[in-house]
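Before any comments, here is the structure.
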Amino acid sequence: SASPLMQQLIFFHDHALLILVMITVLVGYLMFMLFFNNYVNRFLLHGQLIEMIWTILPAIILLFIAFPSLRLLYLLDEINEPSVTLKSIGHQWYWSYEYSDFNNIEFDSYMIPTNELSTDGFRLLDVDNRIVLPMNSQIRILVTAADVIHSWTIPALGVKVDGTPGRLNQTNFFMNRPGLFYGQCSEICGANHSFMPIVIESVPTNYFIKWISNN
């Protein structure tokens, strides 16, 4: 993970997995003990206590999953006074970006074909124009599409926003370290839909200011 939101998503995944392991062990133990049943209760007609237990206990377990899940949903949706706003427009089969805060810097970002790729590049993931954004800053991204539904997705940042024609969706993220973060369009929006890569270059703020000045 490269953002606090993605860290929280990983923590929630581990939390849910721990609950699943506990349920699996309990059910596995009960099923295993059925092989050694002595039929001591074969004339039993009812058991209100055990029925109450196996009704209430799963409800409590679901609450332990639901409350952290709801908290995380609200965290993902929160917009906290962004320092930079980036607009992303999905096309077939490339992304357009606009830095409307800085003299309307605009560029298109295409995937680099395999025959033009450098030796240290990633096939089907590298682009000719990377997004440059400052680290340790709150970033807001506005996502839309010009033709069909696309989805702007960066797994390392825990960001997935659908780009729908005629609609503007927004989310925010915070990068806590420098580096290159890769993503792709994650919608089934037609032929070659997976070949719409996204590359974010996370840099210190002073490098970002220099980049903005040179553009």
Task: Heavy-atom pair of closest approach, residues D147 and G90 - done: OD1-O, 3.9 Å

Open item on the list: Applying a strict under-4.5 Å side-chain criterion to I, L, V, M, F, W and Y, I'd like to know whether F173 and F11 cluster together.
Closed with: no

TODO: Return each pair, listed once, that meets side-chain hydrogen bond (donor to acceptor under 3.5 Å, both in side chains) where at least one residue sits in residues 44-67; pairs must be two or more places apart or across chains.
DONE: H46-Q48

TODO: Provide the closest heavy-atom pair for L20 versus T24 in the form atom of the first, atom of the second, distance.
DONE: O-OG1, 2.7 Å

Task: Linked, directly or transitively: Y207 and M135 (ILVMFWY side chains, under 4.5 Å) - done: no

TODO: Taking all heavy atoms of A2 and all of N176, pick out the closest pair and write down the distance.
DONE: O-OD1, 2.9 Å

Open item on the list: A side-chain contact here means heavy atoms from C-beta on lying under 4.5 Å apart; do H150 and W95 qualify?
Closed with: yes

- [ ] Answer yes or no: is there a side-chain heavy-atom contact under 4.5 Å between Q184 and M196?
- [x] no

TODO: Calculate, to the nearest 0.5 Å, the distance between atoms CD1 and CD1 belonging to I209 and I212 respectively.
DONE: 9.0 Å

- [ ] Consider only side-chain heavy atoms of I, L, V, M, F, W and Y, link residues closer than 4.5 Å, and tell whether I65 and V27 are in one cluster.
- [x] yes

- [ ] Any chance you could lay out the side chain to side chain contact (heavy atoms under 4.5 Å, CB included) test for N169 and L142, step after step, and finish with the verdict?
- [x] CA-CA 6 Å; N169 293 327; L142 306 173; over 6 Å; no

Task: ILVMFWY network linking I10 to L5, side-chain heavy atoms under 4.5 angstrom - done: yes

Open item on the list: If we ignore hydrogens and angles and just use 3.5 Å, is the side chain of H15 paired with the main-chain N or O of P68 as donor and acceptor?
Closed with: no

- [ ] Any chance you could lay out the ring-ring contact (aromatic ring centres under 6.0 Å, His included) test for F102 and W211, step after step, and finish with the verdict?
- [x] CA-CA 11 Å; F102 306 97; W211 181 82; 8.7 Å; no

Task: Side-chain heavy-atom pair V143, Q170 within 4.5 angstrom cut-off - done: no

Open item on the list: Please evaluate residues T144 and K87 with respect to the criterion side chain to side chain contact (heavy atoms under 4.5 Å, CB included), reporting the C-alpha separation (whole Å), side-chain torsions for both, the decisive distance (0.1 Å), and the verdict.
Closed with: CA-CA 8 Å; T144 187; K87 186 177 181 184; 4.1 Å; yes

Open item on the list: To the nearest 0.5 Å, what is the distance between SG on C185 and CZ on F195?
Closed with: 12.0 Å

TODO: Calculate, to the nearest 0.5 Å, the distance between atoms OG1 and CZ belonging to T85 and R140 respectively.
DONE: 3.5 Å

- [ ] Could you tell me the separation between the CZ atom of R123 and the CE atom of M111, rounded to the nearest 0.5 Å?
- [x] 8.0 Å

Open item on the list: So if I apply the side-chain contact (heavy atoms from CB on, under 4.5 Å) rule between I139 and each of S202, P134, P82, which one comes out positive?
Closed with: P134

Task: 4.5 Å side-chain heavy-atom contact, F174 and N136 - done: yes

Open item on the list: Do L180 and V199 have side chains that approach each other closer than 4.5 Å (heavy atoms only, starting at C-beta)?
Closed with: yes

- [ ] For the residue pair S3 and M175, establish whether any side-chain heavy-atom pair is separated by less than 4.5 Å.
- [x] no

Task: Where V127 and I112 come nearest, the two heavy atoms and their spacing - done: O-CD1, 3.3 Å

- [ ] Verify the cluster assignment for Y110 and I200: are they in a single hydrophobic cluster under the rule of side-chain heavy atoms below 4.5 Å apart?
- [x] no

Open item on the list: Using a 3.5 Å distance criterion without hydrogens, assess whether the side chain of D77 forms a donor-acceptor pair with backbone atoms of L73.
Closed with: no

Task: Short side-chain donor-acceptor distance under 3.5 Å, S186 and S151 - done: yes

Task: Side chain proximity check, M52 to I50, heavy atoms < 4.5 angstrom - done: no

- [ ] Might you point out which heavy atoms bring S88 and I141 nearest each other, and give the distance in Å?
- [x] CB-CD1, 4.0 Å

Task: Over all atoms of both residues, closest heavy-atom pair of Y99 and V132 - done: OH-O, 2.8 Å

- [ ] Find the distance between CG (D120) and CG (D126) and round it off to the nearest 0.5 Å.
- [x] 8.0 Å

Open item on the list: Quick check for you: to the nearest 0.5 Å, what is the distance between L76 atom CG and L9 atom CG?
Closed with: 5.5 Å

TODO: Indicate yes or no: at least one non-hydrogen side-chain atom of M6 is less than 4.5 angstrom from one of L157.
DONE: no

- [ ] Might you confirm whether atom OH of Y94 has over 12 heavy atoms from other residues, nucleotides or ligands at distances under 6.0 Å?
- [x] yes

Open item on the list: For F122, I'd like to know if atom CZ has over 12 heavy atoms of other residues, nucleotides or ligands within 6.0 Å.
Closed with: no

Task: Salt bridge present between K160 and D162 (N-O < 4.0 angstrom) - done: yes

TODO: Could you walk me through whether D108 and S96 pass side chain to side chain donor-acceptor pair (under 3.5 Å), step by step?
DONE: CA-CA 4 Å; D108 295 332; S96 294; 2.7 Å; yes

TODO: Apply side chain to side chain contact (heavy atoms under 4.5 Å, CB included) to I198 and Y182, showing your working.
DONE: CA-CA 6 Å; I198 305 155; Y182 294 87; over 6 Å; no

- [ ] Test side chain to side chain contact (heavy atoms under 4.5 Å, CB included) on T153 and V159 and set out the steps.
- [x] CA-CA 6 Å; T153 307; V159 177; over 6 Å; no

